[in-house]
There are 2 protein chains.
Amino acid sequence: MGASKLSIHTEHQQQIAEIAKVLAHPARVAILEYIAKQKNCICGDIVDEIGLSQPTISQHLQVIRNAGLLKGTFEGKRLCYCLDHDRFQEFQQLLNDYFHQTVVSDCC
Amino acid sequence: MGASKLSIHTEHQQQIAEIAKVLAHPARVAILEYIAKQKNCICGDIVDEIGLSQPTISQHLQVIRNAGLLKGTFEGKRLCYCLDHDRFQEFQQLLNDYFHQTVVSDCC
DNA sequence: TATTATCATCGTAATATTGCAATATCATAT
DNA sequence: ATATGATATTGCAATATTACGATGATAATA
C-alpha cells in the first residue's frame, strides 16, 4: 500500500505526525535553520547554502509552507520567505505537550 | 530519486530528522502513547489497540526499536516492550534544543 | 512431543518521497 | 515591450514507506 490508514488514529496523533514529517528530512531541518537566522529576508540563496537543486529546494519549501511555517512577502525583486515565529513556536509547544503527556511508566 | 543526499547535511541535522521520522507516522505516535502508559508490561495487545495488522505493528515497532526507544524483556509467555524512559527524554531534549537553537529573527 | 500463542520475517503491492532537468511564471529592469 | 533573474511547476526515475498475507521461529503449555 504505502498510504497510511489515517482514520484509525486520533486528530491529535495525526497532528503530531504532520508536524514531525516537516522535520523528518535533514534538508528541511537545514532550510528551517537557514531561514530562521536570516535577519534581512534575503532568502534567495538557500540553493547555494544547501547542496540541492533549485526545484528540490522549492519542493521542500512547499512542504514547509503547507505546514504553515512560512510568512511570505515581497521585497524588491526577490520573493521573501520568513519563518512564521508564532507557528514555529506552536510546533514546539505541540511536540512538548506530546512528550509531557506521554509519561513513561517505568516497567522493565 | 527518493534517496536523500545525506552527506551534504550536518550530523545534527540528520539526527533531528531521524528523531522526527519516528514520530512522522500517526501509528507510531499511537504506539508510543500506548506503550508508555502500560504499567505492567503486558504489551501483546498493541495490535488490538491500534487498528492495524500484526506484521504492520511489528514493522512500526522495529522503527521505534531502531531509534533506541525500546527496552525489551520477557515476562511469562509474552515478549514485553517497554519505552526506554531515558532515550525518550533524550528525544525531547534534542528536539527542544533544536527549537531553542533555531531562533527566528523577526523580519517580515 | 505436539499444540498453541506470540512475535518476527519474507514477499508483494500500492503509494509516497526525493531529486533533478526542462519548462513555465512573474516581477523587475532596460 | 522585451530581456533578465528568481522561483514555481511539471514530468520522470529511483528509492522509501506502508500495509498485509503467508510463513517461520520460539517459548510456554497440554
Side-chain angles (χ1 to χ4, degrees), chain A residues 1-9 13-14 17-18 20-31 34-35 38 40-67 70-82 108, chain B residues 1-9 13-14 17-18 20-31 34-35 38 40-67 70-82 108:
Chain A
M1 298 223 167
S4 48
K5 279 182 160 184
L6 290 178
S7 51
I8 61 173
H9 306 112
Q13 285 159 355
Q14 291 180 45
E18 284 306 309
K21 253 179 214 166
V22 178
L23 298 175
H25 196 285
R28 287 194 289 272
V29 174
I31 291 172
Y34 183 73
I35 297 182
Q38 291 309 109
N40 41 9
C41 275
I42 299 170
C43 307
D45 33 21
I46 310 177
V47 176
D48 301 329
E49 183 74 11
I50 325 279
L52 292 167
S53 73
Q54 181 266 322
T56 303
I57 295 290
S58 189
Q59 209 168 1
H60 282 303
L61 276 171
Q62 196 172 6
V63 174
I64 295 172
R65 193 189 320 136
N66 288 343
L70 286 189
K71 273 194 301 188
T73 175
F74 296 92
E75 180 197 316
K77 56 181 166 188
R78 291 172 179 219
L79 180 57
C80 163
Y81 281 132
C82 301
C108 296
Chain B
M1 298 224 172
S4 49
K5 278 184 159 184
L6 291 178
S7 50
I8 61 175
H9 307 112
Q13 286 159 355
Q14 292 180 44
E18 285 305 311
K21 252 177 218 169
V22 178
L23 298 174
H25 195 286
R28 287 195 290 272
V29 174
I31 291 172
Y34 182 73
I35 297 183
Q38 292 308 109
N40 42 8
C41 274
I42 298 170
C43 306
D45 32 22
I46 308 175
V47 176
D48 301 330
E49 184 73 11
I50 326 278
L52 292 168
S53 73
Q54 181 267 321
T56 303
I57 295 291
S58 190
Q59 209 168 4
H60 282 303
L61 276 171
Q62 195 172 7
V63 174
I64 296 173
R65 193 188 319 136
N66 287 343
L70 286 189
K71 275 193 300 185
T73 174
F74 296 93
E75 182 198 313
K77 54 183 167 186
R78 292 173 178 214
L79 181 56
C80 163
Y81 281 132
C82 301
C108 295

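- One atom, CD1 of A/Ile57, and another, C1' of C/dT18, lie 12 Å apart when rounded to the nearest Å.
- Contact between the side-chain N/O atoms of B/His60 and the OP1/OP2 oxygens of D/dA19 is found at a separation under 4.0 Å.
- Remark: P of D/dT17 and NE2 of A/His25 are 10 Å apart, rounded to the nearest angstrom.
- The distance between atom CD1 of B/Ile50 and atom P of D/dC20, rounded to the nearest whole Å, is 12 Å.
- Residues B/Val63 and B/Arg28 have side chains in contact (heavy-atom distance under 4.5 Å, counting atoms from C-beta outward).
- Atom CG in B/Asp48 sits roughly 13 Å away from atom C1' in C/dA5 (whole-Å rounding).
- Contact between the side-chain N/O atoms of A/Ser53 and the OP1/OP2 oxygens of C/dC20 is found at a separation under 4.0 Å.
- With D/dT18, C/dT18, D/dC20 as the candidates, the nucleotide lying closest to the side chain of B/Pro55 is D/dC20.
- Atom pair A/Ile31:CD1 and C/dT18:P shows a separation of 11 Å (rounding to whole Å applied).
- Taking the side chain as every heavy atom from C-beta outward, A/Ile50 and B/His9 approach each other to under 4.5 Å.
- Atom CG of A/Leu61 sits about 6.0 Å away from atom CG of A/Leu70, to the nearest 0.5 Å.
- The distance from the OG atom of A/Ser58 to the CZ atom of A/Arg65 is 6.5 Å, given to the nearest 0.5 Å.
- When the P atom of D/dC20 is taken as reference, atom CG of B/Leu52 falls 5 Å away, rounded to whole Å.
- Note: A/Gln13 CD to B/Leu23 CG = 11.5 Å, rounded to the nearest 0.5 Å.
- Nucleotide D/dC20 holds its C1' atom 16 Å from the CD atom of B/Gln62, rounded to whole Å.
- Close to D/dC20, at under 4.0 Å from its OP1 or OP2, lies a side-chain N or O of B/Thr56.
- Each of D/dT7, D/dC20, D/dT17 was ranked by its minimum atom distance to the side chain of A/Gln54; first place goes to D/dT7.
- A close approach under 4.0 Å does not occur between any side-chain nitrogen or oxygen of A/Ser58 and OP1 or OP2 of D/dT7.
- In this structure, the CZ atom of A/Arg28 is 12 Å from the C1' atom of C/dA16, given to the nearest Å.
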